[in-house]
Amino acid sequence: MPVSLCLTSPNCFRTFSLVPNPAMAPGPNSLMWFRKGLRIHDNPALEHAAKGCGCLYPVFVIDPHYMKPDPVTFSPGSTRAGLNRIRFLLESLVDLDANLKKLGSRLLVLKGEPSEWDIKRLCFEYETEPYYQALDCKVKNYASLAGIEVFSPVSHTLFNPADIIQKNGGRPPLSYQSFLKLAGKPSWASFPLVTKLNPLSAIGHVGNCEISEVPTVQELGYEDTREDELTVFRGGESEALRRLRDSIKGKEWVANFEKPKGDPSAFLKPATTVLSPYLKFGCLSSRYFYQCIQDVQKNVERHTSPPVSLLGQLLWRDFFYTVGFGTPNFEQMRGNRICKQVPWNDDDDELLAAWRDARTGFPWIDAIMVQLRKWGWTHHLARHSVACFLTRGDLFVHWEKGRDVFERLLIDHDWAINNGNWLWLSCSSFFYQYNRIYSPISFGKKYDPDGEYIRHFLPVLKDMPKEYIYEPWTAPLSIQTKAKCIVGKDYPKPVVSHDSASKECKRKLAEAYELNKKLNGVVSNEDLQGLRRKLEEKESQEPRPKRLKQKLISWRPK
DNA sequence: GATAGGTTGTCGCA
DNA sequence: TGCGACAACCTATC
């Protein structure tokens, strides 16, 4: 009996069939299913698949939902991913294919046509995201029905999130420090990882299955993509290892790395490693990265420590993976045990769109949103700035809305880390000091007083004198004219007054916190509606210029 | 129940 | 460049 196995989405079971054949010799045929973990080095699933096998099928399945152009979204891309990330993924696949070819194999890219293959061993990297949990559960069930051995090792993260949760009595730790204590040193920290593989077995019979080369973005149906809309970072394991070598070359830089001291406005040479997209797709093994940093630290007198050190950054990643894995409804406010229930604006699409489309009228915020859209990447602190601005700092828009925008645009988008950071920045979980608000004016200014970052990503402001570049609406008209940028015409007026909007946000959060405390975190929809009404009443009693009156202009960053 | 500590706020001052 | 005031949150731990 052939057993159908779908390797694309949890709700479909028709990609191809596996036909176990006990008579096959010499070893069992193996299927290595690549999802993330797009690498040769430190890839236990691939290693196991290759060990003593007959034929080896290295497979990547194109999921149409992830790849196919969706014409109705706000930025080029598919239903689930922006074009930048799709391109990054394709580049990573091309590189993986090339690296497999060096080992005498190749990548088999499949697109949905059923076929029968003779497989006895199925190997894929373990995943903690709900999407893969649901999919893998079904795949494992079907494989076991068919008598196929499944090997699914934890190798995407430093630790197994389930172990940490178990050590903590069944609940994930909610602070970084307690996470560190529970985690300790990873078991493999001082063992050499397998970074090189022997030549791989041949590909087996593929039947009538449609095998293709890695498609280009054009072949996927993306036509009019302007080059300047595309990211400056190239995907793939080779590029990841090159970047890694470059980053750790400067031993002092590694040893003295302090995340909060990095400059978010540095764009010619980013202040961080920009290894996050490679970690996201597993082009770079986080464990290999860990060992490389460890080696550098051994050879210097003193070095920084978590949370600010470079190693600390990798541990943050594991922290969010752990909490995300152990928290039901982690990606939403409702039904999320660790999330404060707050009456965010969730129907003001105008404010959301202004933020998303880089027309809030705050150049620092808008420049970051342009960089995000073009590069699919911005510095961590720049992400903080815009996330705070959208939610608890100024616009009071629901963090889930901002999360969705990041999810689409970031090339390093990672389910656990993105949701975790939005919970953090909106003061919904992990972090609660809602009085600490990033100023959309002074925060950028302290790193980049001349506004070079703004001039680069918002060329409309390139001739604005530095005295006004963070607040162009305060520039006298003569200056605006001279700079060829009239605020309200060439560049928008600010959508809110930061002073009054941030005060209002603090007041609302104080009320929301009080309600959560009173109800012991069990806040119903009605409770939230009640608070929303109460806050609105207060607003109408004390009318204040919540939003500066302005004619909406159809301004687009160029 | 009290206390310590928390990845990275802002402002004014020395 | 570094400090305290600002106003005061929460979680972890005892």
Side-chain angles (χ1 to χ4, degrees), chain A residues 164 167-169 171-183 256-266 270-273 276 303-320 322-323 326-327 336-342 362 364-365 368 378-389 391-394 417-418 420-449 470-471 498-503 505-521 523:
Chain A
I164 308 263
K167 271 192 203 166
N168 199 39
R171 289 203 163 183
L174 295 178
S175 78
Y176 184 75
Q177 294 305 331
S178 50
F179 169 81
L180 285 186
K181 267 188 222 158
L182 291 162
N256 297 322
F257 185 91
E258 269 186 81
K259 189 64 171 281
K261 293 204 174 150
D263 177 356
S265 69
T272 51
T273 60
S276 53
H303 57 79
T304 52
S305 305
V308 296
S309 65
L310 204 48
L311 217 49
Q313 307 314 301
L314 268 179
L315 290 156
W316 274 109
R317 178 173 176 271
D318 265 58
F319 169 69
F320 285 125
T322 305
V323 188
T327 308
N336 182 347
R337 185 172 64 74
I338 66 168
C339 180
K340 287 262 180 285
Q341 305 297 305
V342 177
F362 290 92
W364 170 248
I365 300 296
I368 294 167
T378 70
H379 187 277
H380 189 65
L381 288 177
R383 299 182 196 193
H384 277 214
S385 255
V386 295
C388 178
F389 183 85
T391 56
R392 69 181 168 88
D394 291 84
I417 300 171
N418 193 36
N421 275 303
W422 278 95
L423 283 163
W424 188 296
L425 264 302
S426 64
C427 279
S428 296
S429 197
F430 308 115
F431 176 80
Y432 306 94
Q433 285 170 274
Y434 56 77
N435 284 311
R436 296 189 185 171
I437 291 175
Y438 291 88
S439 160
I441 296 146
S442 26
F443 186 71
K445 208 186 269 180
K446 77 179 168 195
Y447 296 99
D448 180 17
Y470 284 87
E471 303 165 271
H498 173 64
D499 277 351
S500 55
S502 58
K503 280 201 187 88
C505 284
K506 284 189 248 188
R507 191 178 68 83
K508 287 180 180 170
L509 269 179
E511 297 253 19
Y513 271 35
E514 204 186 314
L515 183 70
N516 278 263
K517 205 172 178 179
K518 198 175 94 190
L519 300 174
N520 210 7
V523 183

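Throughout, protein chains are lettered first and strands after them, A, B, ... in sequence-line order, and every chain is numbered starting at 1. Since this is a predicted model, take the numbers as computed values, not measurements.
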Notebook entry, point to check: Which nucleotide in the list C:dT13, B:dT10, B:dT8 gets nearest to the side chain of A:S439?
Noted result: B:dT10
Next item on the list: Applying ring-ring contact (aromatic ring centres under 6.0 Å, His included), name anything that partners A:Y513, two or more places apart in sequence or on another chain.
Entry: A:Y434
Margin query: Taking the P atom in each of C:dA7 and B:dA4, what is the distance between them to the nearest angstrom?
Written below: 22 Å
Check: When you look at A:D394 and A:H498, which way does the side chain to side chain donor-acceptor pair (under 3.5 Å) test go after all the steps?
Finding: CA-CA 6 Å; A:D394 291 84; A:H498 173 64; 2.6 Å; yes
Next item on the list: Could you measure between the two P atoms, the one in C:dT13 and the one in B:dT7, and give it in whole Å?
Entry: 12 Å
Next item on the list: Could you list all the salt bridge (Lys or Arg N to Asp or Glu O under 4.0 Å) pairs where at least one residue sits in residues 304-315 of chain A, not counting sequence neighbours?
Entry: none
Note to self: Test of understanding: with ring-ring contact (aromatic ring centres under 6.0 Å, His included), list the residues that count as partners of A:F443, not counting sequence neighbours.
What the structure shows: A:Y438, A:Y447
Next item on the list: Could you tell me the separation between the CG atom of A:L381 and the C1' atom of B:dT8, rounded to a whole number of Å?
Entry: 5 Å
Note to self: For a quick check of understanding: with a heavy-atom distance under 4.0 Å over all strands, which category does A:Q177 fall into, base, sugar-phosphate or nothing?
What the structure shows: sugar-phosphate
Note to self: Checking A:E258 now: which residues fulfil salt bridge (Lys or Arg N to Asp or Glu O under 4.0 Å) with it, not counting sequence neighbours?
What the structure shows: A:K261
Next item on the list: Take the protein atom CH2 of A:W364 and the nucleotide atom P of B:dT10, then report the distance between them rounded to whole Å.
Entry: 11 Å
Note to self: Applying a 4.0 Å non-hydrogen cut-off, can you work out what A:D499 is touching in the nucleic acid: base, sugar-phosphate, or nothing?
What the structure shows: nothing
Check: CG of A:N516 versus P of C:dT11: gap in Å, rounded?
Finding: 10 Å
Notebook entry, point to check: When every nucleotide of nucleotides 4-10 of chain C is labelled 5' to 3' by its protein contacts under 4.0 Å (heavy atoms), B for base, S for sugar-phosphate only, - for none, what sequence of letters results?
Noted result: -----BS
Margin query: Nearest whole Å is fine: how far is B:dT8 P from A:D263 CG?
Written below: 18 Å
Next item on the list: Spell out, as yes or no, whether a donor-acceptor pair under 3.5 Å connects the side chain of A:R392 to the backbone of A:L509.
Entry: no
Next item on the list: Using atom CZ of A:R171 as one end and atom C1' of C:dA12 as the other, report the distance to the nearest whole Å.
Entry: 14 Å
Next item on the list: Show your working on side chain to side chain donor-acceptor pair (under 3.5 Å) between A:S429 and A:W424 and close with a plain yes or no.
Entry: CA-CA 5 Å; A:S429 197; A:W424 188 296; over 6 Å; no
Margin query: Between B:dT8 and C:dC3, how far apart are the two P atoms, rounded to whole Å?
Written below: 16 Å
Next item on the list: Could you go through the ring-ring contact (aromatic ring centres under 6.0 Å, His included) check for A:F320 and A:F179 one step at a time?
Entry: CA-CA 10 Å; A:F320 285 125; A:F179 169 81; 9.5 Å; no
Margin query: Does A:K445 reach a base, just sugar-phosphate, or nothing at all? Heavy atoms under 4.0 Å.
Written below: nothing
Notebook entry, point to check: Under a 3.5 Å cut-off on both pairing distances, which runs of 3 or more consecutive Watson-Crick or G-U pairs involve DNA chain C?
Noted result: B:1-6 with C:9-14, B:9-14 with C:1-6
Notebook entry, point to check: A:L174 side chain: which of B:dT8, B:dT7, C:dT11 is closest?
Noted result: C:dT11
Next item on the list: Quote, to the nearest angstrom, the P distance that separates C:dA8 from B:dG1.
Entry: 23 Å
Next item on the list: Please work out if A:F430 contacts a base, only the sugar-phosphate, or nothing of the nucleic acid, heavy-atom cut-off 4.0 Å.
Entry: nothing
Check: OP1 or OP2 of B:dT10 less than 4.0 angstrom from a side-chain nitrogen or oxygen of A:K446, does that happen here?
Finding: yes
Item checked: Test: A:K445 and A:E471 ion pair at under 4.0 Å -> yes
Check: So what does A:K506 touch, heavy atoms closer than 4.0 Å: a base, only the sugar-phosphate, or nothing?
Finding: nothing
Note to self: I'd like to know if the side chain of A:N516 and the backbone of A:Q341 have a donor-acceptor N/O pair within less than 3.5 Å.
What the structure shows: yes
Margin query: Less than 4.0 angstrom between a side-chain N/O of A:S175 and OP1 or OP2 of B:dG5, yes or no?
Written below: no
Note to self: For A:V308, is there any backbone N or O sitting under 3.5 Å from a side-chain donor or acceptor partner on A:K259?
What the structure shows: no
Check: How many Å lie between CZ on A:F431 and C1' on C:dA12, as a whole number?
Finding: 17 Å
Check: Between atom NE2 in A:H384 and atom C1' in B:dT8, what is the gap in whole Å?
Finding: 7 Å
Next item on the list: Among B:dC11, B:dT7, B:dG9, find the nucleotide with the atom closest to the side chain of A:N421.
Entry: B:dT7
Next item on the list: Find the distance A:H380:NE2 to B:dG9:C1' and express it as a whole number of Å.
Entry: 14 Å
